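Okay, structure first, notes after.
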Amino acid sequence: MEYGKKVTKPSCSSLKHLYQIHAHIITSGFHKDGFLISEILRVCALLPFGNLNYARLVLFRELNPKASSWNHVIRAYSKSKSPREALVVYVEMRKSRITPSELTFPFLFKACASLLAVKEGKQIQVHALKFGVSSNVYVQNGLINFYGSCREVNDARRVFDGMLIRTVVSWNSIVTACVENSMFDDSLLLFSDMRGFGFEPDSTTMVILLSACAELGNLSLGRWIHCQVIEKGLLINCQLGTALVDMYAKCGALYYARLVFDRMIERNVWTWSAMILGFAQHGLAQEALKVFEGMKINNVRPNYVTFLGVLCACSHARMVDEGYRVFHDMTHSYGIKPMMTHYGAMVDVLGRSGKLEEAYDFITRMPIDPDPPVWRTLLSACSIHDVTDSTSVGMKVRKRLLELEPERCGNLVMVANMYAEVGSWEEAANVRKVMKDLKLKKMAGESCVEVGGLIHKFFSGDDTRDCCEGIYQSLADRGY
DNA sequence: GTAGGGTTAG
């Protein structure tokens, strides 16, 4: 069972009771009571032990279901694994000439957000207008979330700016839209506007902003938000605690991540995973593995993210056998089907340990087609361990990558380097010329780090900054 | 005489 979350296990008897009650309603002639049917549908569609298919069947067999009956089923589909069904049910609802209510639209927008269905969402926005609920605050919040998820921040902003009544949720939604679309400055401006308008940020606001700090590596801001949390006396619940652990870990402040982690009363699978990944990504493999053990002792079931962290720890610690064992356990003991990223992580485990042939074999035996990042993981291992000659793993990988993405600039650079390494200067120059003719230019990789309130941006290959010498010296002192 | 809605986690 997930830590800190009350989970009602699917129980046959509960569902059986529900069927019995439904049968009773029918036999005693109460099935014409729209409210009763709507309640049956609510329980059946939305509660953990329910049966959405059954709810849908009941709904479609009803002669004249109330709008609330439709809403319950649409809502359940909008958060299910098949959100498209929410739209299908809505179409049926319209065919039955039932007028949607202000409660129908937030669920439809949620479905469109998960589907990234911009066109459909916009059509539904027109419906909301037609049915006179477009100024409802829930409908508008739903619209902001929909546009934000579909990367249409300007539209999200337009909805937000046009709102006459806003709630904290409206502010949180627009801040989320900015953060998710990497508009961090705007998100901070909105945060300050929010308080200017007299809205108290809640723990969700803080979670959103902390995720922005984590992404930016902005430790000062993250700390300041932590102070705000304490100052406001906000309860550090599971989500907020996890966001703090994640922020500190991503900003490299593992000590503070651990401190927050240890003080949390409730931890769920995300909390443990954030801590494991934090240690793993910063090379503290043993710490990461210890936390993983702790997680198991506390009976928290690992999920796919947890295993990414554990595999990452194994690759940093060059623990090949442990890596294989973890990969095997993930599927066979925990029933988690490996995703592309897990295969990539396993390739990294093998590659970093210099087992290039084995990694190559592993990729060729994958049950799904390896994507370019998986090949690139092996390539980066090759750049450390491989000796380039015409039969090397590195050479095979490069050829494969070029077949997969012939127009990717990075691959062309790579091929040019490959020719250069084996001394085929003419061919190397040819590839460079092709790139020049096609006006292809490789974007430099960039990263940023915050020190003393200032954000420093670094571009790959740019050694011209004043501080470079000091950084290289500091790395050399640490044996890199 | 009848209830339900949103945001967050690699």
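Numbered from 1 within each chain, the chains take letters A, B, ... in sequence-line order. Just so it is clear, the model here is predicted, and its values are computed rather than measured.
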Just jot down the side-chain hydrogen bond (donor to acceptor under 3.5 Å, both in side chains) partners of A/Lys290, sequence neighbours excluded, or say none. A/Glu287
Beyond-backbone contact of A/Gln228 with A/Leu209, side-chain heavy atoms, under 4.5 angstrom: no
Tell me the interatomic distance from A/Glu266, atom CD, to B/dA9, atom P, rounded to whole angstroms. 18 Å
Please work out if A/Thr167 contacts a base, only the sugar-phosphate, or nothing of the nucleic acid, heavy-atom cut-off 4.0 Å. nothing
Presence of donor-acceptor pair under 3.5 Å, side chain of A/Asn145 and base of B/dG5: no
Results of side chain to side chain contact (heavy atoms under 4.5 Å, CB included) for A/Ala288 - residues two or more places apart only: A/Ile276, A/Phe279, A/Ala280, A/Ala313
Shorter than 3.5 Å, N or O on both sides, protein versus nucleotides 1-3 of chain B: list them out with atom names.
residue	atom	partner	partner atom	Å
B/dA3	N1	A/Ser68	OG	3.0

Taking only heavy atoms on the protein side, list every residue of residues 240-250 of chain A lying under 4.0 Å from any atom of DNA chain B, sorted numerically. A/Asp246, A/Lys250
Strictly below 4.0 Å, heavy-atom distances to any atom of DNA chain B: list the hits from residues 103-111 of chain A, or just say none. A/Leu103, A/Phe107, A/Lys110
A/Lys122 vs A/Asp155, side chain to side chain contact (heavy atoms under 4.5 Å, CB included): CA-CA, chis, key distance, verdict: CA-CA 10 Å; A/Lys122 286 190 171 176; A/Asp155 286 323; 3.8 Å; yes
Expressed in angstrom and rounded to an integer, what is the separation of A/Gln140 atom CD from B/dT7 atom C1'? 16 Å
Do A/Tyr248 and A/His226 pair up side chain to side chain, a donor and an acceptor below 3.5 Å, judged on atom types alone? yes
Between B/dG5 atom P and A/Tyr77 atom OH, what is the distance in whole Å? 19 Å
Going by salt bridge (Lys or Arg N to Asp or Glu O under 4.0 Å), name the residues that satisfy it together with A/Lys110, two or more places apart in sequence or in a different chain. none
So A/Phe191 and A/Trp224, would you call those rings parallel, tilted or perpendicular, with 30° and 60° as cut-offs? perpendicular
Contact class for A/Asn136 vs. all strands (heavy atom < 4.0 Å): base, sugar-phosphate, or nothing? base
Is the backbone of A/Ile98 close enough, under 3.5 Å, to the side chain of A/Ser96 for a donor and an acceptor to pair up by distance? no
How close or far is atom P of B/dG4 from atom CE of A/Met93, stated in whole angstroms? 18 Å
Only counting residues at least two apart or in another chain, list the ones meeting salt bridge (Lys or Arg N to Asp or Glu O under 4.0 Å) with A/Asp161. A/Arg157
Assign A/Leu308 to base, sugar-phosphate, or nothing according to its heavy-atom contacts below 4.0 angstrom with the strands shown. base
What's the NZ-P distance between A/Lys79 and B/dG4, to the nearest Å? 13 Å
Contacts of type salt bridge (Lys or Arg N to Asp or Glu O under 4.0 Å), residue A/Lys79, not counting sequence neighbours: none
Could you list the donor-acceptor pairs under 3.5 angstrom formed by side chains in residues 131-145 of chain A, with sequence neighbours left out?
residue	atom	partner	partner atom	Å
A/Asn136	OD1	A/Tyr138	N	2.7
A/Asn136	OD1	A/Val139	N	3.1
A/Gln140	NE2	A/Ser134	O	3.3
A/Asn141	OD1	A/Ser170	OG	2.8
A/Asn141	ND2	A/Val137	O	3.4
A/Asn145	OD1	A/Ser173	OG	3.1
A/Asn145	ND2	A/Asn141	O	3.2

So, with a heavy-atom separation below 4.0 Å from DNA chain B, the residues of residues 180-205 of chain A are A/Glu180, A/Thr204
Rounded to the nearest Å, what distance is computed from the CG atom of residue A/Asn268 to the C1' atom of nucleotide B/dG10? 14 Å
Please tell me whether A/Glu120 and A/Tyr90 have a donor and an acceptor in their side chains that are separated by less than 3.5 angstrom. no
side-chain hydrogen bond (donor to acceptor under 3.5 Å, both in side chains) against A/Gln123, all qualifying residues, sequence neighbours excluded: none
Taking atom types as modelled, find out whether A/Asp186 and A/Asn181 have a side-chain donor-acceptor pair closer than 3.5 angstrom. no
Run the side-chain donor-acceptor check on residues 54-69 of chain A: report pairs under 3.5 Å with partners two or more places apart or on a different chain.
residue	atom	partner	partner atom	Å
A/Tyr54	OH	A/His22	ND1	2.6
A/Arg56	NH1	A/Tyr77	OH	3.0
A/Arg56	NH1	A/Glu85	OE1	2.8
A/Arg56	NH2	A/Glu85	OE1	3.1
A/Ser68	OG	A/Ser38	OG	2.9

Picking from B/dG10, B/dT7, B/dA9, the nucleotide nearest the side-chain atoms of A/Asn172 would be B/dT7
Among B/dG4, B/dG10, B/dT7, the one nearest any side-chain atom of A/Arg75 is B/dG4
Contact class for A/Glu102 (heavy atom, under 4.0 Å): base, sugar-phosphate, or nothing? base
In whole angstroms, the gap separating C1' of B/dG5 from CD1 of A/Ile165 amounts to 16 Å
Atom CD1 of A/Ile40 and atom C1' of B/dG4 are separated, to the nearest Å, by 16 Å
